[in-house]
Amino acid sequence: ERELHEPSHSWAIGSPKRVMAAPIAVGTIDQAMLSHLRVRHAWMRAAFLMRSLLIIDEAHASDPYMTEIIASLVDRHVSLGGYVLLLSATLGEAMRARLLGRAPRPIEEASAVPYPAAAAGASVEAVEASVRRHTATEILGHQECSQRVLEAVQAGSAVLWIRSTVADAIEDYQLFDQADVPVMLHHSRWADHDRRILDTRVIAAIGKEGARGGRVVVATQTCEQSLDIDADFLVTDACPADVLIQRLGRLHRHERRRPAGFEAPRCLLIEPGELSRFLDADGRPRGSTGQGWPWVYRALLSVQQTLEWVRNRDAIVAPDDCRELVERATHPDHLRHVSEKLGGRWPLHWQETYGQEAAQRALGQAGLIDWSRPYVDALVDEQHYTRLAEGPVTIEVDLISPLDGSRIERMPVPASWLRRVPPDTPTVCEGQRISVGNVNMIYGEVGLVRAGCLTTFA
């Protein structure tokens, strides 16, 4: 009877374009965004969606391109009589104003808005915080951070060490492993099968019911939001304030006994040094060996303001400090003023940053459906995407999982690695080595890497 009535795969996965027809549909924001882009079946997605209460979680986690599409989605949904609930712990004034269709407030007014709060249109009601968390925060060099972590592990502390690039995470993982520190590695460049294994292992180590004990989990952004993990001690790359607040949310999430010295949450930021050295003559950011974060968080003014705020205090108190901290790091007018005050290459960086954002907003607008035109005149272009960032390209492989020995038949590869490779280029696998044209890779104990990038595989 079970076999007769239960399908082999879920209905939503079997037909994603009809998922919005369900009474309760759960998915990524991309599924809702597709209802407003000039792609096939957008009208059907939009028709299904208009019946529902639309809830958008992590509303802040959008680039300017995505924000334009989401703002159009929200505007039309409300105009048709629908309701939209936006959830965010770190929504800045610039994005809030765009989503609400009004001009941004000055930073002084924006910083004075209650936090946490529930807002409906122009009405804002403060909400009493259930927890007030005081996180001791310092900025130290990489070597001193490593030493603090060794001491924390010896004291029985569970440490979460977050780097912003896979290369930096792998390098630090190997350093801890060579020092005989109990260490785990978690990032995005794994086959789906192995990624699920890693998720399970990390949760088993530092999840709500985790084994705990002295250990380090070295990770990238993959451990920043999606996993319910609970560290005693956090070390993180330099990053913008909204990202830092998300990472602090991995500290002391659950009530439990903590090792001596870690009864209260503690965080270290890895000192990046003088930030202007990451700027080219035209103001464009560039990462360097061991400091790859500028490739990921390109708005260096946001990082500069976050670090300056932390340097002038010995702790971050949530939620009391969150509003001011986020606004200082995200408010465009404030950042322009900061760039002019700093001088040098910083004004060029502000122009480059917000010039890029203007271009992304224009691209987002270009792909939107013009609902004022008849359907027969609609322009459908299946090449419109919900995100501008280059995602992975999945290739067919014949590999063995380095984690449990299972056969791996599909591997996500960063699109940037294959940018110069023709689409019909065959994939060749020899053991754990993968070749696609002149791109050579190895899949091993640290995930997928470019051949020659790690001495471990020489």
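- Salt bridge Arg148/Glu138: present, at least one basic N to carboxylate O contact under 4.0 Å.
- Judged purely by atom type and a 3.5 angstrom limit, Asp242 has no side-chain atom pairing as donor or acceptor with the backbone of Thr90.
- Between the Tyr65 side chain and the Ala359 main chain, no donor and acceptor come within less than 3.5 Å of each other.
- Side-chain atoms of Thr67 and Gln360, non-hydrogen and from C-beta on, never get closer than 4.5 Å to each other.
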request  = Output, in order, the C-alpha distance, side-chain angles, deciding distance and verdict of side-chain hydrogen bond (donor to acceptor under 3.5 Å, both in side chains) for Asp194 and Tyr443.
outcome  = CA-CA 11 Å; Asp194 290 339; Tyr443 189 57; 2.5 Å; yes
message = Would His334 and Gln305 count as a side-chain contact (heavy atoms from CB on, under 4.5 Å) here? Give the steps.
response = CA-CA 10 Å; His334 172 71; Gln305 282 293 279; 2.7 Å; yes
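- Under a 3.5 Å cut-off, the side chain of Asp230 and the backbone N or O of Gly207 do not form any donor-acceptor pair.
- When every heavy atom of Gly447 is checked against every heavy atom of Trp190, the shortest pair comes out as N-CH2, 3.2 Å.
- In this structure, the side chain of Gln432 engages the main chain of Ile400 through a donor-acceptor pair within 3.5 Å.
- Looking at Asp192 and Arg196, no side-chain N of the basic residue comes within less than 4.0 Å of a carboxylate O on the acidic one, giving no salt bridge.
- No side-chain heavy atom of Trp346 sits under 4.5 Å from any side-chain heavy atom of Val338.
- A donor-acceptor pair is defined here as one N or O able to donate and one able to accept, closer than 3.5 Å; such a pair exists between the side chain of Arg133 and the backbone of Leu251.
- By the 4.5 Å heavy-atom criterion applied to side chains, Pro240 and Val303 are counted as neighbours.
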message = Would His60 and Gln246 count as a side-chain hydrogen bond (donor to acceptor under 3.5 Å, both in side chains) here? Give the steps.
response = CA-CA 11 Å; His60 63 278; Gln246 290 288 339; 3.3 Å; yes
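- At least one side-chain heavy atom of Asp398 sits under 4.5 Å from a side-chain heavy atom of Arg407.
- Annotation: salt bridge (charged side-chain N to carboxylate O under 4.0 Å, His left out) contacts of Glu271 (sequence neighbours excluded): Arg311.
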message = Quick one, Glu68 with Leu368, criterion side-chain contact (heavy atoms from CB on, under 4.5 Å). Give me CA distance, side-chain angles, the key distance, then yes/no.
response = CA-CA 9 Å; Glu68 285 301 313; Leu368 295 173; 5.5 Å; no
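- Taking Arg328 as the reference, Glu308 meet the salt bridge (charged side-chain N to carboxylate O under 4.0 Å, His left out) condition, with sequence neighbours excluded.
- No side-chain donor-acceptor contact under 3.5 Å links Arg298 to the backbone of Arg284.
- A salt bridge links Asp333 with Arg336: the closest approach of a Lys/Arg side-chain nitrogen to an acidic carboxylate oxygen falls below 4.0 angstrom.
- Under the 4.5 Å side-chain criterion, counting only non-hydrogen atoms from C-beta, Leu175 is in contact with His142.
- Nearest heavy-atom pair, Met20 versus Leu49, reported as atom, atom and distance to 0.1 Å: SD-CD1, 4.0 Å.
- Inter-residue side-chain proximity for Glu352 and Leu348 is flagged as unmet; no heavy-atom pair is nearer than 4.5 Å.
- Nearest heavy-atom pair across Arg277 and Ser288 is NH1-OG, 4.3 Å.
- Shown here are the side chain to side chain donor-acceptor pair (under 3.5 Å) partners of Asp228, two or more places apart in sequence or in another chain: Arg253, His254.
- For residues 201-214, the set of pairs meeting the side-chain hydrogen bond (donor to acceptor under 3.5 Å, both in side chains) definition, not counting sequence neighbours, comprises Arg212-Asp232.
- Trp350 and Tyr354 have tilted rings, their planes meeting at an angle from 30° to 60° on a 0 to 90° scale.
- For the atom pair Leu140 CG and Gln147 CD, the distance stands at 11.5 Å (nearest 0.5 Å).
- Scanning both residues, Ser339 and Leu301, for their nearest heavy atoms gives CB-CD1, 3.9 Å.
- Atom CG of residue Leu448 and atom CD1 of residue Ile434 lie 5.5 Å apart, to the nearest 0.5 angstrom.
- Going from atom NE2 of His384 over to atom CG of Leu34 covers 11.5 Å, rounded to the nearest 0.5 Å.
- Partner of Ser435 under the side-chain hydrogen bond (donor to acceptor under 3.5 Å, both in side chains) criterion, out of Thr425, Asn440, Thr427: Asn440 alone.
- Shown here are the salt bridge (charged side-chain N to carboxylate O under 4.0 Å, His left out) partners of Arg247, two or more places apart in sequence or in another chain: Glu224.
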request  = Determine, stepwise, if the pair Met33 / Ile70 fulfils side-chain contact (heavy atoms from CB on, under 4.5 Å).
outcome  = CA-CA 6 Å; Met33 291 167 66; Ile70 294 171; 4.1 Å; yes
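- A donor-acceptor pair under 3.5 Å links the side-chain atoms of His349 to the main chain of Leu300, judged by distance alone.
- In this structure, His187 contributes its side chain and Val446 its backbone to a donor-acceptor pair below 3.5 Å.
- Here Arg387 pairs with Asp30 under the side chain to side chain donor-acceptor pair (under 3.5 Å) rule; sequence neighbours left out.
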task = Test Asp237 against Tyr297 for side-chain contact (heavy atoms from CB on, under 4.5 Å), laying out the working first.
result = CA-CA 11 Å; Asp237 257 332; Tyr297 301 111; over 6 Å; no
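- Inter-residue side-chain proximity for Pro265 and Leu248 is flagged as unmet; no heavy-atom pair is nearer than 4.5 Å.
- Looking only at distances, no side-chain donor or acceptor of Ser52 sits under 3.5 Å from a matching main-chain atom of Leu54.
- Scanning both residues, Trp371 and Ala46, for their nearest heavy atoms gives CH2-CB, 3.8 Å.
- When all heavy atoms are compared, the tightest approach of Pro294 to Phe278 is CG-CD2, 3.7 Å.
- The aromatic rings of Trp161 and Phe176 lie perpendicular to each other, with more than 60° between the two planes, well past the 30° mark.
- Note: Ile29 CD1 to Met66 CE = 7.0 Å, rounded to the nearest 0.5 Å.
- Inter-residue side-chain proximity for Arg250 and Cys223 is flagged as unmet; no heavy-atom pair is nearer than 4.5 Å.
- Counting heavy atoms of neighbouring residues, nucleotides and ligands inside a 6.0 Å radius, atom CZ of Arg40 does not exceed 12 of them.
- Between atom CG of residue Asp199 and atom OG1 of residue Thr222 there is a gap of 8.0 Å, rounded to the nearest 0.5 Å.
- Atom SG in Cys239 sits 8.0 Å away from atom CG in Leu307 (nearest 0.5 Å).
- Not one N or O on the side chain of Ser35 forms a donor-acceptor pair closer than 3.5 Å with the backbone of Arg45.
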